[in-house]
Amino acid sequence: MTLFSLEEVSRASDLIHPFVPPTPTYAWPLLEKRSGVKVFVKHENHTPVGAFKVRGGLVYLDALDRAGALPKGLVTATRGNHGQSIAMAAQHFGIPAVIVVPQGNSLEKNAAMEGLGAELICAGRDFDESRAIAARIAEQRAYHIVPPFHPALVLGVATYAHELFSDVADLDVVYAPIGMGSGICGLITMRDLLGLKTEIVGVVAQNAPAFALSYEAGRPVGTPSAKTFADGMACRDPQPEPLDIIRAGAARIIQLTEEEISEAIRIYYKDTHNIAEGAGGAALAGLMKEKSRLSGGRAGVILTGSNIDSKPFAEILSGVTPA
């Protein structure tokens with residue numbers, strides 16, 4: 001399934017790069033020594049909001065603007081990074097943004113969204129409840145609701161995949177976390193557009209396995225909860241469109257324990273002195289889980305974000321896995 005063309009990716013890159021310069025891809029020697037694999041880290045933690053999602057909001061609103069459909073305001077639900085993306089894009093286009101987050105959401109991500117000018121509403125027990133509340137607010141205010149997955153959002157985040165594949169040739173495999181699916185779908189689409197043979201492997205939290213279960217079942221399979229500290233992967237209601245792309249283009253989906261994700265965050269800090277949030281560390285955790293099958297190979301991992309609150313990060317560095 002092709003969501004966009006190479007020409008559209010090039011245009012999206014031109015739009016994004018004044019706000020989000022291309023992020024680096026580094027091969028860290030200590031990661032190679034630890035894993036036995038040549039590991040190339042795509043540093044999406046180095047964007048202006050510390051996460052890859054910032055790319056999508058700019059492209060999404062630009063598409064609305066070019067269609068003459070720029071709304072009077074936006075509403076969306078998020079655990080944080082998507083919300084920062086929409087808040088930053090709304091600020092650029094001069095319209096208000098309402099961001100709905102679940103109760104108990106990351107305080108520091110909340111502060112970052114408010115810092116970008118968003119109106120923050122804490123409501124709902126988890127992301128999926130917040131999404132339903134956001135839909136009601138959109139109707140009440142006659143604002144445009146931004147979904148968690150949309151071809152324009154995928155096009156925006158696919159620019160990181162274009163940068164990665166341009167920077168590093170002949171990757172055997174790339175590992176990427178799955179939240180609502182935009183990041184891995186961008187990777188798959190970009191890989192296919194470039195005619196590469198690179199395997200794409202998705203990773204999810206064992207405590208939020210909906211996409212893994214759906215991948216195996218061949219249809220969306222929801223879960224009653226998604227209680228992982230890796231909030232960027234806390235999905236319990238996978239949508240059909242990203243699932244179709246992932247089932248067609250991903251080699252497999254790996255489930256990770258909370259301890260494996262925590263250890264990957266520790267490894268990133270020890271071996272590269274980079275900070276990774278839960279979802280940001282997940283791709284490396286997936287590689288470490290499969291390192292025996294990759295020995296001597298060339299693997300990419302997407303460090304999707306660094307927006308972890310200071311308290312759980314301190315706990316992880318001390319050897320504790322956050323509750």
Side-chain angles (χ1 to χ4, degrees), residues 23 41-47 49-57 76-88 99-102 104-110 112-113 124 126-128 130-131 146-149 153-154 156-157 160 175-187 201-212 223 225-239 242 246 253-258 260-262 264-265 268 274-286 301-309 312-313 316 321-322:
T23 58
V41 180
K42 178 58 170 167
H43 281 282
E44 288 297 282
N45 58 316
H46 290 184
T47 74
V49 303
F52 78 104
K53 290 279 191 179
V54 65
R55 300 167 180 267
T76 199
T78 186
R79 291 301 303 265
N81 291 333
H82 170 71
Q84 288 189 78
S85 170
I86 299 307
M88 181 174 172
I99 310 295
V100 184
V101 301
N105 198 56
S106 160
L107 294 176
E108 291 169 30
K109 285 182 179 177
N110 289 353
M113 288 182 278
D126 59 19
F127 167 76
D128 293 288
S130 296
R131 188 169 58 172
V146 183
F149 185 91
L153 296 173
V154 179
V157 300
Y160 87 64
Y175 291 84
I178 304 175
M180 294 305 294
S182 64
I184 191 170
C185 288
L187 271 168
V201 177
V203 298
V204 299
Q206 201 173 82
N207 286 0
F211 262 105
T223 56
S225 67
K227 293 182 178 178
T228 171
F229 85 87
D231 54 4
M233 300 190 295
C235 168
R236 63 174 175 83
D237 183 22
Q239 300 301 295
I246 293 166
I253 296 179
I254 302 168
Q255 295 190 43
L256 302 167
T257 66
E258 303 292 283
E260 287 169 332
I261 298 168
S262 294
I265 293 171
Y268 264 131
N274 274 267
I275 297 172
E277 61 187 90
L284 180 61
V301 292
I302 313 302
L303 202 176
T304 51
S306 59
N307 297 321
I308 185 170
D309 281 6
F313 184 58
I316 288 168
T321 296

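Each residue takes its place number in the sequence, starting with 1. On a predicted model such as this, the values are computed, not experimentally measured, just so you know.
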Exercise. Hey, is Lys227 close enough to Asp126 for a salt bridge, meaning N to O under 4.0 Å?
Worked result: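 The answer is no: the pair does not qualify as a salt bridge.
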How long is the gap from [atom1] on [X] to [atom2] on [Y], to the nearest 0.5 Å?
| X | Y | atom1 | atom2 | result |
| --- | --- | --- | --- | --- |
| Tyr268 | Leu303 | OH | CG | 4.0 Å |
| Ile316 | Ile265 | CD1 | CD1 | 3.5 Å |
| Phe313 | Ser306 | CZ | OG | 9.5 Å |
| Arg236 | Asp128 | CZ | CG | 4.5 Å |
| Leu153 | His82 | CG | NE2 | 6.0 Å |
| Phe52 | Thr23 | CZ | OG1 | 11.5 Å |

Quick check: do [X] and [Y] have side-chain heavy atoms less than 4.5 Å from each other?
| X | Y | answer |
| --- | --- | --- |
| Pro177 | Val204 | no |
| Ile254 | Glu260 | no |
| Val49 | Met88 | yes |
| Val100 | Thr78 | no |
| Ser106 | Asp231 | yes |
| Thr47 | Gln84 | no |
| Ile253 | Ile178 | yes |
| Arg55 | Ser85 | no |

Where the side chain of [X] meets the backbone of [Y], is there a donor-acceptor pair that is under 3.5 Å apart?
| X | Y | answer |
| --- | --- | --- |
| Thr228 | Ala234 | no |
| Ser262 | Thr321 | no |
| Gln255 | Val203 | no |

Exercise. Can you name the one residue among Asn81, Asn45, Thr304 that meets side-chain hydrogen bond (donor to acceptor under 3.5 Å, both in side chains) with Glu277?
Worked result: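 So the option named by the test is Asn81.
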Heavy-atom closest pair, residues [X] and [Y]:
| X | Y | result |
| --- | --- | --- |
| Val201 | Ile184 | C-CD1, 4.3 Å |
| Phe149 | Cys185 | CE1-SG, 3.8 Å |
| Gly281 | Ala276 | N-CB, 3.8 Å |
| Pro148 | Phe127 | CB-CZ, 3.9 Å |
| Met113 | Asn105 | CE-ND2, 4.3 Å |
| Pro242 | Phe211 | CG-CZ, 4.1 Å |

For this session: With side chain to side chain contact (heavy atoms under 4.5 Å, CB included) as the test, would you mind laying out the steps for Val157 and Glu44 before giving the verdict?
Result: CA-CA 10 Å; Val157 300; Glu44 288 297 282; over 6 Å; no
For this session: Would you sort out whether Asp237 and Thr223 count as a side chain to side chain contact (heavy atoms under 4.5 Å, CB included), showing the intermediate values?
Result: CA-CA 7 Å; Asp237 183 22; Thr223 56; over 6 Å; no
For this session: Start with the C-alpha distance between Lys53 and Ser182, add both sets of side-chain angles, then the distance that settles side chain to side chain donor-acceptor pair (under 3.5 Å), and finish with yes or no.
Result: CA-CA 9 Å; Lys53 290 279 191 179; Ser182 64; 3.3 Å; yes
For this session: Any chance you could lay out the side chain to side chain contact (heavy atoms under 4.5 Å, CB included) test for Gln206 and Glu258, step after step, and finish with the verdict?
Result: CA-CA 7 Å; Gln206 201 173 82; Glu258 303 292 283; over 6 Å; no
